[in-house]
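Order of the sequence lines fixes the chain letters, A, B, ..., with proteins taken first and strands second; residue numbering starts at 1 for each chain. On a predicted model such as this, the values are computed, not experimentally measured, just so you know.
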Amino acid sequence: MSSKLFERIYKVVSSIPEGKVATYGQVAALAGHPGAARVVGWALHSAPEPLALPWHRVISATGKSSLPERSARQLQRALLEQEGVRFDRQGRVDLATFQWQGHEPAPKAS
DNA sequence: AAGGTGACCAAGG
DNA sequence: TCCTTGGCCACCT
């Protein structure tokens, strides 16, 4: 079994709602470990299949997929588009529109 | 025990 | 807007 941190990460990822995305850094922060964005990548890379996590809803802070293999990136994009997430011409997601606002403070209000 | 690696990120040029 | 650089943190030699 992996550390508590991994378990927290998996829990956060599994709570990302359909049609929304979260960044690695965001997941790390919500898991109680801000700054450990790379660990989130590692955790997902080594995530056991049985967990059936919505890993495709986790993308980089630039709005792009960070997956190393092209085929995997295409799959991620297909899964997201299927949920209503739209990509621009450069294959990026508009975070201002689709980023999950879990417990994060609202963008602004006044 | 020390150094390398990776599904990262923000700031500068 | 793209590329580079330094800093991050846990896992694996």
Q: Check the distance between B:dC8's P and A:L95's CG and give it to me in whole angstrom.
A: 15 Å

**Q.** Crowding at CD, A:E81 (>12 non-hydrogen neighbours, <6.0 Å)
**A.** yes

Q. Between A:E69 and A:R73, does at least one N-O distance fall below 4.0 Å, as a salt bridge requires?
A. no

Q: Send over the distance from A:I9 CD1 to B:dC8 C1', rounded to a whole Å.
A: 12 Å

Q. Judged by atom type as modelled, is there a donor-acceptor pair below 3.5 Å linking the side chain of A:Q26 to the main-chain atoms of A:T23?
A. yes

**Q.** Side chain of A:R92 (C-beta onward), nearest among C:dT1, C:dC9, B:dA7
**A.** C:dT1

Q. Is the distance from OP1 or OP2 of B:dC8 to the nearest side-chain N or O of A:Q26 less than 4.0 Å?
A. no

Q. A:A37 side chain: which of B:dC9, C:dC9, C:dC2 is closest?
A. B:dC9

(Q) Expressed as a whole number of angstroms, how long is the span from A:L5:CG to C:dC11:P? (A) 7 Å

Q: Using heavy atoms to find the nearest nucleotide of DNA chain C for A:R38 and A:W42 separately, return the residue whose nucleotide is more 5′.
A: A:R38

Q: Please report, rounded to the nearest Å, how far the P atom of B:dC9 is from the CD atom of A:Q99.
A: 10 Å

Q: Under 4.0 Å from any atom of DNA chain B, heavy atoms only: list the residues of residues 52-77 of chain A that qualify, in numerical order.
A: A:W55, A:S60, A:A61, A:S66, A:L67, A:P68

Q) When hydrophobic residues are tied together by side-chain contacts of less than 4.5 Å, even through go-betweens, does A:L53 share a cluster with A:V21? A) no

Q) For A:Q90 and C:dT1, what is the distance between atoms CD and P respectively, to the nearest whole Å? A) 7 Å

**Q.** SB check A:R57 A:E83 (cutoff 4.0 Å)
**A.** yes

Q: Please report, rounded to the nearest Å, how far the P atom of B:dC9 is from the NE2 atom of A:H33.
A: 16 Å

Q) Whole Å only: how far is the CG atom of A:D88 from the C1' atom of C:dC2? A) 14 Å

Q: Would you confirm whether A:E18, through its side chain, and A:L80, through its main-chain N or O, come within 3.5 Å as a donor-acceptor pair?
A: no

(Q) Using atom P in both nucleotides, what's the gap between C:dG7 and B:dA7 to the nearest angstrom? (A) 22 Å

Q.
Does the plane of the ring in A:Y10 sit parallel, tilted or perpendicular to the ring in A:F6? Use 30° and 60° as the thresholds.
A. perpendicular

